[in-house]
Amino acid sequence: MSSNECIRWQGNLACLRIDGVMVKSRHTIEGAHVFGPDSDHTTLAISGLSLLSDECTIQSVCIDGNIEASVLLACGYSIDEKAEWSISCGEDACVSISRGAIQKGRVDGFEIDEEFHSKISEAWLTELSAVSQGAYVSEQAYLSSSSARMNLTSQKMGDLLIWPPREMVGSERPEEGSALRGSGIIESWTKLSAGGAPSEFSLRAPILEGISTVFVRLIDGPCGVFLIADDEDNLPQIGGDVNFAIRRLYAQDGMIRYGLKALIS
Amino acid sequence: MVDVAVVGAGQTKYGNHPLGLKGMWAEAAEAAYASIDGDFEPSQVDEAFIGSVAFGGAQLGNTAALLTEHSGLDNIPVQRVENACASSGFAFRDAWMAIKSGQADIVVAGGIEKMNDLSPERKRFWLGVSGDTEWERLAGLTFPGTYALMARRHFHEFGSNHDDLVHISVKNHMHGLDNEYAHLRKDVSFEKAKSGFMVADPLTLYDCCPTSDGASCVILAADHVAKKLSEDPIWVLGSGAGSDHLALHDRPSITQIRSTQMASAKAYSQAGISAADIDLAEVHDCFTIAELMATEDLGFAERGQGGVFARNGIGRLNEGDVTINPSGGLKSKGHPLGATGTGQVVEVFKQLRGEVEQSRQVRDAGIALTHNVGGSGATCAVNIFGRDIK
């Protein structure tokens, strides 16, 4: 593990240290790190774990109360109070993932418009108390597919990889497969106006000036549709590369729903 | 086997209707009964199939029982048919099969939707209920988004472009201008349609159909009854249906609708004709790209040539071999989800009998097709009609 190297990683700022990693939101207001429009301590923690996975194998972690355990479980990490690795949340938009002391330090971010940040934060709070009046993904349905949704866990039938998972019968019933590689090629894309977005996004879409979605062929073969994250600077293009990061999708019935979003390479 | 004819057809005006479900249905049924040439009483009807998404949940269960009791159809087997926007296309097919099977002589097929009495927020929740909820919706997609993905991919693969979609929008608004039942009776210029505000890039407002209130009702009869009820029955020459994966990501291609290909192949085969024999087609243009792809999937244009077909105005009224959407289509006539399929049948019934406004009458119309798609193509019903029994 290298030391004191800070990089831009999945839209965040990550500083690799001897004993772990510190991940901060890249967004700041007057120098203080604040969460981006779809990030929180959980998304920063997952981002840090994925960076560390290139360096070492982590199977279990100890977490504090600000981390959503179901997301870690869906990504293949078990939760253990006595685990070697601990995830600690800072008071600002920062997490430390360490097997020693809590990782701290200063790293410069990018100023975000305070009014924009305030509106998005309020929208999330309002959204959390929202109740569906029509189409609906229940908590059970969301959790049962969370491993496929967040870890790209696939199914296998002979040489064929299947994702998202399917229910089949008889000889067509697929076996459980491994996690697909998290990159792909854009086959199509759209940007939806606030009026064209589903109700789950109707509070945030006007603030974000629309939401963008890509139809992606993953490099392992299957296709999927994903919201785009951090697309302020890059327009998607057919044939362009994407990889993925876990972010907040929407909130309903008091629960944040997480999933993979596409990052334009 | 028995032949089946349409002997009566009627509908409400589409748009913002002042009446509720019961009143709209009664109005459509009354219009259908009145269009029957011979002596007819609702008590002669053996069965009824009514398509509806039950938008907003106002009468989600037992919709058909509620409606039929308000149209003189008492104490007969009735059922609601739900296949998203193709609900009444399939209701029509169920009615046709009930007669074909010999179980019924006179059957009602209809459809209804009340969409514009909901709050905007509740409406948005319901507009996506027929798409793939677990994956597509959570990726921000309802139908404007899914059709936008199809459009951009079609542009990429075949060199079609947004101007081709604008041509479709302008044509359908032109066709609907004189249709007394149409929701949006507006003359829309190419420049105006091209500059509409973006809904789902590349689709603008003028690429999207409106949400409408409306009801439609069709009376089908077995041949031995049809000839007594009508001096000019319209014969059902073929009825096909198909389905496909609900979610786009499971389909081998997003630039064609396999359910349309499957449904039309069956219908053409039953009718013993090909696309070249069709004089007019009511095509499911929920979005302009849907009509562009349908012209290919139904065989009016070669694969990948839907843009050229639209650009050259081949579907315009009486200008090419086939007129596409003489009613104005969903774009202008409107789209009350469950009512659309049998609403298309109302249009071709009148076109084939020469009963629409003369300004939009298809000349020498002998054979017509209706094409009704559920959602982004998960279901499709295609029906073919003729003035003459085959």
Side-chain angles (χ1 to χ4, degrees), chain A residues 130-138 141-142 144-145 148-149 162-166 186-205 210-218 222-228 235-239 249-250 252 257-262, chain B residues 53-57 60 118-157 196-205 207-208 245-255 287:
Chain A
V131 176
S132 170
Q133 300 180 61
Y136 180 61
V137 178
S138 71
Y142 162 75
S144 67
S145 63
R149 190 179 300 286
I162 299 167
W163 185 91
R166 304 181 64 80
I186 297 172
E187 295 221 327
S188 192
W189 64 273
T190 183
K191 181 164 187 171
L192 295 124
S193 71
S199 282
E200 290 86 338
F201 305 91
S202 62
L203 290 176
R204 285 172 290 119
I211 57 172
S212 298
T213 294
V214 279
F215 183 90
V216 171
R217 183 169 295 281
L218 299 167
C223 291
V225 285
F226 303 89
L227 286 161
I228 303 178
L235 259 185
Q237 286 189 330
I238 291 178
L249 298 180
Y250 73 104
Q252 203 168 64
R257 316 294 174 97
Y258 296 86
L260 289 175
K261 287 188 179 180
Chain B
V53 178
F55 195 82
L60 195 55
L118 304 185
S119 67
E121 187 65 7
R122 191 173 183 84
K123 188 188 256 187
R124 269 210 293 271
F125 268 107
W126 275 82
L127 279 173
V129 296
S130 306
D132 175 70
T133 306
E134 195 177 346
W135 296 92
E136 286 184 347
R137 190 179 177 99
L138 292 201
L141 292 177
T142 51
F143 293 125
T146 52
Y147 277 98
L149 291 175
M150 293 183 201
R152 192 178 298 284
R153 188 70 199 174
H154 197 283
F155 296 174
H156 176 77
E157 288 183 13
F197 80 81
M198 200 62 79
V199 174
D201 194 354
L203 303 180
T204 73
L205 179 68
D207 293 306
C208 309
H245 297 292
L246 179 60
L248 295 188
H249 57 239
D250 287 324
R251 299 182 191 174
S253 165
I254 63 169
T255 55
F287 299 90

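Within every chain, numbering begins at 1; the chains are lettered A, B, ... in the order of the sequence lines, protein sequences first and strands thereafter. In what follows, every heavy atom counts, from backbone to side chain, and hydrogens, waters and symmetry copies are set aside.
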If every non-hydrogen atom of A:W189 is compared with every non-hydrogen atom of B:D201, which pair is closest and at what distance?
-> CH2-OD2, 3.8 Å
Which residue out of A:P164, A:G224, A:S145, A:A197 racks up the most heavy-atom pairs below 4.5 Å with chain B?
-> A:P164
Engaged part of B:H154 at the chain A interface, taking heavy atoms whose separation is under 4.5 Å | neither
Is chain A contacted by the side chain of B:L118, its backbone, both, or neither, given a heavy-atom distance below 4.5 Å?
-> neither
Look at B:D132, B:T142, B:L149 and state which one has the largest set of heavy-atom pairs under 4.5 Å with chain A.
-> B:L149
Contact leader toward chain A among B:A148, B:G140, B:G128, where contacts are heavy-atom pairs under 4.5 Å = B:G140
Pairwise distance CD1(B:I254) to CD(A:E187) - rounded to 0.5 angstrom | 7.0 Å
Looking at A:A262, A:S193, A:P198, A:G259, which has the largest count of heavy-atom pairs under 4.5 Å with chain B?
-> A:P198
For B:E121, does its backbone N or O pair with a side-chain atom of A:S199 as donor and acceptor, under 3.5 Å?
-> yes
Hey, what's the ring geometry for A:W163 with B:H249, parallel, tilted or perpendicular (30° and 60° as the breaks)?
-> tilted
Atom pair CD/CZ of B:E136 and A:F215 - distance to nearest 0.5 Å = 8.5 Å
To the nearest 0.5 Å, how far apart are OH in A:Y258 and CG in B:L138?
-> 14.5 Å
Within a strict 4.5 Å, meaning less than it, do heavy atoms of the B:E134 and A:R149 side chains meet?
-> yes
Option that, when pairs with chain B are counted at under 4.5 Å, heavy atom only, ranks first among A:L227, A:I228, A:V137 = A:L227
CZ of B:R137 to OH of A:Y250: how many Å apart, nearest 0.5 Å?
-> 8.0 Å
Checked A:L249, A:I238, A:I211, A:V214 vs chain B; the most non-hydrogen pairs under 4.5 Å come from A:I238
Would you mind telling me which of B:V199, B:T146, B:L127 has the largest number of heavy-atom pairs within less than 4.5 Å of chain A?
-> B:V199
Of the listed A:F201, A:F226, A:Y142, A:Y136, the one with the largest count of heavy-atom pairs under 4.5 Å with chain B is A:F201
Heavy atoms only, distances under 4.5 angstrom: which of B:L141, B:L203, B:D250 has the most pairs with chain A? Name it, please.
-> B:L141
Interatomic distance, A:I186 atom CD1 to B:R152 atom CZ [nearest 0.5 angstrom] = 10.5 Å
Are any side-chain N or O atoms of A:T190 and backbone N or O atoms of B:G145, one a donor and one an acceptor, separated by less than 3.5 Å?
-> no
